[in-house]
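Since the structure is predicted, the reported quantities are computational estimates derived from the model, not experimental observations.
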Amino acid sequence: MNSAKGVRCESAGGAIRLRNVAGAVHAFANSGSILAELVSGSFAGKFMTDSILSTNAGDITVLIPSNLALTLQAAMNRAFGAYQFRFPQFRPRVGGIAGAGPLVAEGSLNGGGPLLRVNVTGGTIYLRRRNNSWPGK
């Protein structure tokens, strides 16, 4: 997808690539990676809602503009997942009782804003700053 003011999509067995998203994102991949490029203005406006990106077996990469205000909740299975965050505001910690739960990260950018949930069961979460080039070009 090249641009959208809001997105809802699902994949049973393949990757999801979202480019220039300027609204709520609801993307679910059962077996496949998700790449979402957010643009300035994303999540802005009274009609926008919280967003979620989720995959059972794959990576999630989110490209975030440095001026975007949002609140993040990320969770990944510690045994099978990993993370790579380019934002020091997001500090991963072990959730659950006695450190036995998933690895979670929470935080806000630019004072916070609508919630972006990112969930990975068997993969890596990448949070990167968005620049002017699209991955793969």
Asks: Which heavy-atom pair separates A69 from G112 by the least distance, and what is that distance?
Replies: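 Shortest heavy-atom contact: CB-O, 3.5 Å.
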
Asks: Applying side-chain contact (heavy atoms from CB on, under 4.5 Å), can you list everything that pairs with R128, at least two apart in sequence or on another chain?
Replies: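 By the side-chain contact (heavy atoms from CB on, under 4.5 Å) rule, R128 matches T61, L63, Q84, R86, Y126.
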
Asks: What's the separation between atom OG in S54 and atom CD1 in I34, rounded to the nearest 0.5 Å?
Replies: 6.5 Å

Asks: Do D59 and V120 come close enough that some side-chain heavy atom pair is under 4.5 Å?
Replies: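 D59 vs V120: side chains apart.
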
Asks: Quick check on the hydrophobic clustering: are Y83 and V104 connected, directly or via other members, by side-chain heavy-atom contacts under 4.5 Å?
Replies: no

Asks: Decide side chain to side chain contact (heavy atoms under 4.5 Å, CB included) for L35 and L18; before the verdict, give the C-alpha distance in whole Å, the side-chain angles of both, and the deciding distance to 0.1 Å.
Replies: CA-CA 6 Å; L35 176 65; L18 307 168; over 6 Å; no

Asks: Heavy atoms only: give me the nearest A22-V39 pair and the separation to one decimal.
Replies: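 The answer is CB-CG2, 3.6 Å.
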
Asks: So do R130 and I64 actually touch side chain to side chain, heavy atoms under 4.5 Å?
Replies: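 No, their side chains stay 4.5 Å or more apart.
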
Asks: Heavy atoms, side chains only, cut-off 4.5 Å: are V62 and L53 in contact?
Replies: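 Sidechains of L53 and V62: in contact.
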
Asks: Contact between N77 and P102 at the side-chain level, heavy atoms closer than 4.5 Å - yes or no?
Replies: no

Asks: If I compare all heavy atoms of D50 with all of A24, which pair ends up nearest, and what's the gap?
Replies: O-CB, 4.1 Å

Asks: Quick one: side chain to side chain donor-acceptor pair (under 3.5 Å) pairs with a partner in residues 101-117, sequence neighbours left out?
Replies: Q73-R117, R93-E106

Asks: Is there a donor-acceptor contact under 3.5 Å from the side chain of S51 to the main chain of V25?
Replies: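 Between the backbone of V25 and the side chain of S51 there is a qualifying donor-acceptor contact (under 3.5 Å).
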
Asks: Applying ring pair (Phe, Tyr, Trp, His ring centres under 6.0 Å), name anything that partners F90, two or more places apart in sequence or on another chain.
Replies: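 Testing F90 for ring pair (Phe, Tyr, Trp, His ring centres under 6.0 Å), a comparison that skips the adjacent residues, returns F87.
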
Asks: Tell me, please, which residues at least two apart from R8 pass side chain to side chain donor-acceptor pair (under 3.5 Å).
Replies: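 For R8 the side chain to side chain donor-acceptor pair (under 3.5 Å) partners, ignoring immediate neighbours, are H26.
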
Asks: Looking only at non-hydrogen atoms, find the nearest pair between A29 and G14 and report the distance.
Replies: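 That would be CB-O, 4.2 Å.
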
Asks: Do F28 and I60 sit in the same hydrophobic cluster, where Ile, Leu, Val, Met, Phe, Trp and Tyr count as joined when their side-chain heavy atoms come under 4.5 Å apart?
Replies: no

Asks: Got a donor-acceptor contact below 3.5 angstrom from the T71 side chain to the G113 backbone?
Replies: yes

Asks: What pairs with N56 under side-chain contact (heavy atoms from CB on, under 4.5 Å), at least two apart in sequence or on another chain?
Replies: N30, T121

Asks: Would a single hydrophobic cluster contain both F85 and L109, if residues Ile, Leu, Val, Met, Phe, Trp and Tyr are joined by side-chain heavy-atom contacts under 4.5 Å?
Replies: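 Yes, same cluster.
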
Asks: I'd like to know if the side chain of T55 and the backbone of G32 have a donor-acceptor N/O pair within less than 3.5 Å.
Replies: yes

Asks: Going by heavy atoms in the side chains, are L38 and L70 under 4.5 Å from each other?
Replies: yes

